[in-house]
Colleague: 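Mind having a look at this structure? Questions to follow.
Protein chains get the first letters and strands the later ones, always in sequence-line order, with residue 1 at the start of each. The basis for the numbers below is simple: all heavy atoms, side chains too, and nothing from hydrogens, waters or symmetry mates.
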Amino acid sequence: MNRTHTNGEFRIKHVSQTVTIIGWVAKRRNFGSIVFMDIRDRTGIVQCVFNEALSEKVKDVRNEYVLEIKGTVVERKDKNPKLPTGEVEIIVEEVTIINTAATTPIIVADETDALEDTRLRFRYLDLRRPLMQKKLMQRHAITKAMRNFLDDEGFIEVETPLLTKSTPEGSREYLVPSRVHAGEFYALAQSPQIFKQMLMIAGFERYYQVARCFRDEDLRADRQLDFTQVDIEASFLSEVEFQTIMENMMVNVFKNVMGRDLPVPFRRIPFEEAMNRYGVDKPDIRYGLHLNDVTHLFSASEFKVFSSVIETRGSIKALVIPDYASITRKEIDALTDLAKKYGAKGLVVVKLVNGVIEGPAAKFLSESEKAALIGQLSLSENDLVLMVADAWEKACIAAGALRTYFRDTLKLVREDQFEFAWVVDFPLFEHDAEEDRLIARHHPFTRPKEEDAHLLDSDPLSVKACAYDLVLNGFEVAGGSLRIYDQQMQSKLFSLIGFSEEQIEKRFGFFVDAFKYGTPPHGGIAFGLDRLAMILTNSESLRDVIAFPKNASARCPLTDAPTPVETKQLDELHLTVVK
RNA sequence: GGUCCAGUGGUGUAGUGGUUAACAUGCCUCCCUGUCACGGAGGAGAUCGCGGGUUCGAUCCCCGUCUGGACCGCCA
């Protein structure tokens, strides 16, 4: 078609040019013998004026019709400062109605009134909204900045299979029945992990992939079934060397996408410190309100809640909320429920009023304990103290949830604040209570810290891993590790997490074999692209930066997937559905 | 698997154990030459998610169910 300009580009310099544009009718304002229409394309909106001669021709034009318009750009009498193109308008000389449109179920504008479910059912209309177009374009800009950076750093993009082998460790997989091999299944890739390590063994040295991954787990605002990782792996780099490249990539993204300079290096926070100070392994470091450990103050406590925790070598974590002593009973109950939701048994609440420790739990504390508490926490008048007593990790997590609650309630952060941190020195293992065995905290290919390797048999839970997460504003935006490159060590790890020789051979035999042939030291990371885009666009949900997302109950409201299939299809796949 | 919240014209909400279910917006008709969330006049549009129960009477109360959302578990 003969379009000469895009709609968002018109400025005063275009005045008196004859132009042809195409676009959707965003808004029509009819005055009888003069009609104004806002014509929208992906670049913006420009106002077009239909004078008396043409007003009859566009009498039936409605919102979302597609028009081709030829006209002359003129300076406006009444300018609209709200619109980038608001200094000019187009006096229409010719108009072609390219297509009509039914009345849309949602208002196609930034301020739509539709609920998300309706928006998702008519996603193609929802995505016409400038706000949504901007978000997807920003996402594109993020991906592009990462690609450009990685290309410049000598990383090459390699595609790995989506249909792959089931390795039932970690998240639940989507299984895909094989038609050719009756009773056998592929799994959709949870991540390209094993393949990217094979690429290192193959000698590519630096790899990346914008990779789709699939996990059959319950969804959240920041979790989807199929999602995108920018998956990266490199050989011959130390932990810090690799992290530095990744930091520079984020610097590049922020520069290109938001025009902002990020200070580097990012803060490095050991896992244990993150838990102790922030109560979470993905701390939001934009604000203070750190947790305090007060366990040692109560070593001789007669308060049962505390003494029983001390006996079992648990921890007591305290959070001080300055000048919050006037808290209502109702809010205390809500905070207690919140702590309980995260596994705490309860919440111990005291406050400093008139220089004295008061509150529901004050009577259980001795005078010396109260004094110690005031000193240790440097309490000021009207401070509120929330304490959680439990096993160390549980106490941290519950107190951390309270910290997050006050971030939001007291509005302690601004939405244009972005602070990265590395969380490092994760434990290699954690104990799985359900199966009573060790499981890999990151994944079973993670390299133990060299200095801890001697503890693998005697005290495996205290072994730290060469694993690191990149955290932004309280979200994990990337996670990675240096990998094991020694065949013996890899076998050792598999056996420590309870795999028999036979299981190792069956599940990972091909992988362990590959290690025999000169495996380079290597490591990598995977960025959650959706999550990164969500944070950078200040979106509430991952769904806002994914064109066609699933809803919270794992359904696609647009296509209605998943749906039942024909018996014939099932037969071909050698499947029977049992109700 | 669990907890909590919501479901009322196209869209988003209000509301009530009892007369014609209210408001905004959108839609339709008419009027209008400077609007930009244009304005004005009129109009159409809802079995109040579904099933059962309580009741003389249920959109409202109760039970179940479905759908949607937030979170916990889960997410190597």
Side-chain angles (χ1 to χ4, degrees), chain A residues 26-39 45-52 55 59-60 62-64 74 76-83 85-86 89 91 102-122 125-126 167-173 190-191 193-194 213-225 227 334 337-344 397-398 401 404 426 428-430 432-434 438-446 465 467 476 479 481 493-494 497 499 507 526 528 540-541 543 551-555 557 560:
Chain A
K27 192 72 197 178
R28 177 185 60 116
R29 290 177 291 277
N30 189 348
F31 286 75
S33 49
I34 183 171
V35 178
F36 299 98
M37 285 192 212
D38 295 334
I39 306 298
I45 281 173
V46 65
Q47 173 167 281
C48 295
V49 186
F50 298 78
N51 284 315
E52 192 150 16
S55 63
K59 188 168 68 74
D60 294 326
R62 294 292 180 267
N63 285 349
E64 301 308 316
V74 299
R76 288 216 210 174
K77 278 181 250 168
D78 302 304
K79 299 189 163 66
N80 183 354
K82 284 189 238 167
L83 221 52
T85 62
E89 63 191 0
I91 306 295
T103 303
T104 56
I106 68 171
I107 297 173
V108 181
D110 281 354
E111 305 223 353
T112 187
D113 58 2
L115 294 181
E116 193 179 23
D117 185 42
T118 312
R119 288 171 47 207
L120 290 180
R121 252 184 302 140
F122 301 96
L125 297 178
D126 187 43
T167 53
E169 173 83 353
S171 76
R172 194 181 294 119
E173 297 167 320
Q190 303 172 43
S191 92
Q193 183 64 33
I194 286 177
C213 305
F214 304 85
R215 292 181 189 174
D216 187 6
E217 299 290 349
D218 286 356
L219 297 89
R220 288 285 191 284
D222 66 344
R223 256 196 257 157
Q224 281 275 311
L225 304 180
F227 61 100
D337 286 345
L338 180 64
K340 281 182 178 166
K341 200 164 92 175
Y342 284 85
I397 287 171
T404 304
F426 280 90
L428 185 62
F429 299 108
E430 60 192 326
D432 184 286
E434 213 168 289
L438 293 177
I439 56 173
R441 188 149 197 143
H442 184 53
H443 57 52
F445 319 113
T446 305
E476 180 195 329
S481 63
L493 254 290
F494 281 142
I497 59 176
F499 288 5
R507 293 181 187 176
E540 295 280 306
S541 153
R543 297 186 288 266
N551 68 15
S553 51
R555 210 172 263 291
D560 212 30

Colleague: Does the side chain of A/Val108 reach to within under 4.5 Å of the side chain of A/Asn63, using non-hydrogen atoms?
Modeller: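 Counting from C-beta outward, A/Val108 and A/Asn63 never come under 4.5 Å.
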
Colleague: Scan side-chain atoms only and decide if A/Ser171 and A/Glu217 contain a donor-acceptor pair under the 3.5 Å cut-off.
Modeller: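 A/Ser171 vs A/Glu217: no donor-acceptor pair found between side chains.
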
Colleague: Would you measure the distance from the P atom in B/A6 across to the matching atom in B/U13 and give it in whole Å?
Modeller: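 That atom pair is separated by 12 Å.
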
Colleague: Identify whether any heavy atom of A/Ser55 sits under 4.0 Å from a base atom; if not, whether one sits that close to sugar-phosphate; answer base, sugar-phosphate or nothing.
Modeller: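 Answer is nothing: A/Ser55 stays at 4.0 Å or more from every strand.
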
Colleague: Would you mind pulling out the nucleotide paired to B/A22, Watson-Crick or G-U wobble, both distances under 3.5 Å?
Modeller: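 WC or wobble partner is B/U13.
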
Colleague: A/Glu430 has an atom CD; how far is it from atom P of B/C74, in whole Å?
Modeller: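 Roughly 9 Å, once rounded to whole Å.
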
Colleague: Taking the same atom, C1', in B/A58 and in B/G10, what whole-Å distance lies between them?
Modeller: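 Pairwise C1' distance, B/A58 against B/G10, rounds to 27 Å.
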
Colleague: For B/G12 versus B/G51, give the span between their C1' atoms, rounded off to a whole number of Å.
Modeller: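 The same atom, C1', in both gives a distance of 28 Å.
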
Colleague: Take atom C1' in B/C38 and the same atom in B/C61, then report the distance between them in whole Å.
Modeller: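 The same atom, C1', in both gives a distance of 47 Å.
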
Colleague: Just call it for A/Phe445: base, sugar-phosphate, or nothing, with non-hydrogen atoms closer than 4.0 Å on any strand.
Modeller: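 No contact.
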
Colleague: Looking at A/Asp38 and A/Lys27, is there a salt bridge between them, counting it only when a charged N and a carboxylate O are closer than 4.0 Å?
Modeller: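 Salt bridge: no.
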
Colleague: Could you list the protein-to-nucleotides 48-51 of chain B atom pairs, N/O on both sides, closer than 3.5 Å?
Modeller:
none

Colleague: Between protein and nucleotides 27-34 of chain B, map the contacts as a letter string: B base, S sugar-phosphate only, - none, heavy atoms under 4.0 Å, written 5' to 3'.
Modeller: SSS--BBB

Colleague: If B/U3 has a Watson-Crick or G-U wobble mate with both distances under 3.5 Å, name it; if not, just say none.
Modeller: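 By the stated definition (distances under 3.5 Å), B/A70 pairs with B/U3.
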
Colleague: Once each nucleotide of nucleotides 3-13 of chain B is scored for protein heavy atoms under 4.0 Å, what B/S/- sequence comes out, 5' to 3'?
Modeller: -------SBSS

Colleague: Which base sits across from B/G51 as a Watson-Crick or G-U pair, both distances under 3.5 Å?
Modeller: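 Paired with B/G51, as far as the under-3.5 Å criterion goes, is B/C63.
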
Colleague: How far, in whole Å, is B/A21 from B/G53 if one measures between their C1' atoms?
Modeller: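 Rounded to whole Å, the distance is 24 Å.
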
Colleague: Quantified in whole Å, what is the C1' atom distance between nucleotide B/U8 and nucleotide B/C23?
Modeller: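 Those two atoms are separated by 13 Å.
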
Colleague: Is it the case that B/C75 (base atoms only) and A/Arg223 (side chain only) share a donor and an acceptor within less than 3.5 Å, ignoring hydrogens and angles?
Modeller: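 Answer is yes: a donor-acceptor pair is held.
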
Colleague: Mind checking A/Ala221 for me? I need base, sugar-phosphate or nothing, with any heavy atom below 4.0 Å counting as a touch.
Modeller: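 Since only primed, P, OP1 and OP2 atoms lie under 4.0 Å of A/Ala221, the category is sugar-phosphate.
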
Colleague: Using atom CG of A/Asp110 as one end and atom P of B/C36 as the other, report the distance to the nearest whole Å.
Modeller: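 So the CG-P distance, A/Asp110 to B/C36, works out to 19 Å.
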
Colleague: Which base, if any, makes a Watson-Crick or G-U wobble pair with B/G42, both distances under 3.5 Å?
Modeller: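 Here B/G42 is engaged in a pair, and the nucleotide opposite it is B/C28.
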
Colleague: When you measure from the side-chain N and O atoms of A/Arg220 to the phosphate of B/G73, is any distance below 4.0 Å, counting only OP1 and OP2?
Modeller: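 Checking B/G73 against A/Arg220, no side-chain N or O comes under 4.0 Å of OP1 or OP2.
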
Colleague: Take atom P in B/G9 and the same atom in B/G15, then report the distance between them in whole Å.
Modeller: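 Taking atom P in both B/G9 and B/G15, they lie 15 Å apart.
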
Colleague: So which nucleotide from B/A70, B/C72, B/G68 ends up closest to the side chain of A/Lys341?
Modeller: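 Looking only at heavy atoms from C-beta outward on A/Lys341, the closest nucleotide is B/C72.
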
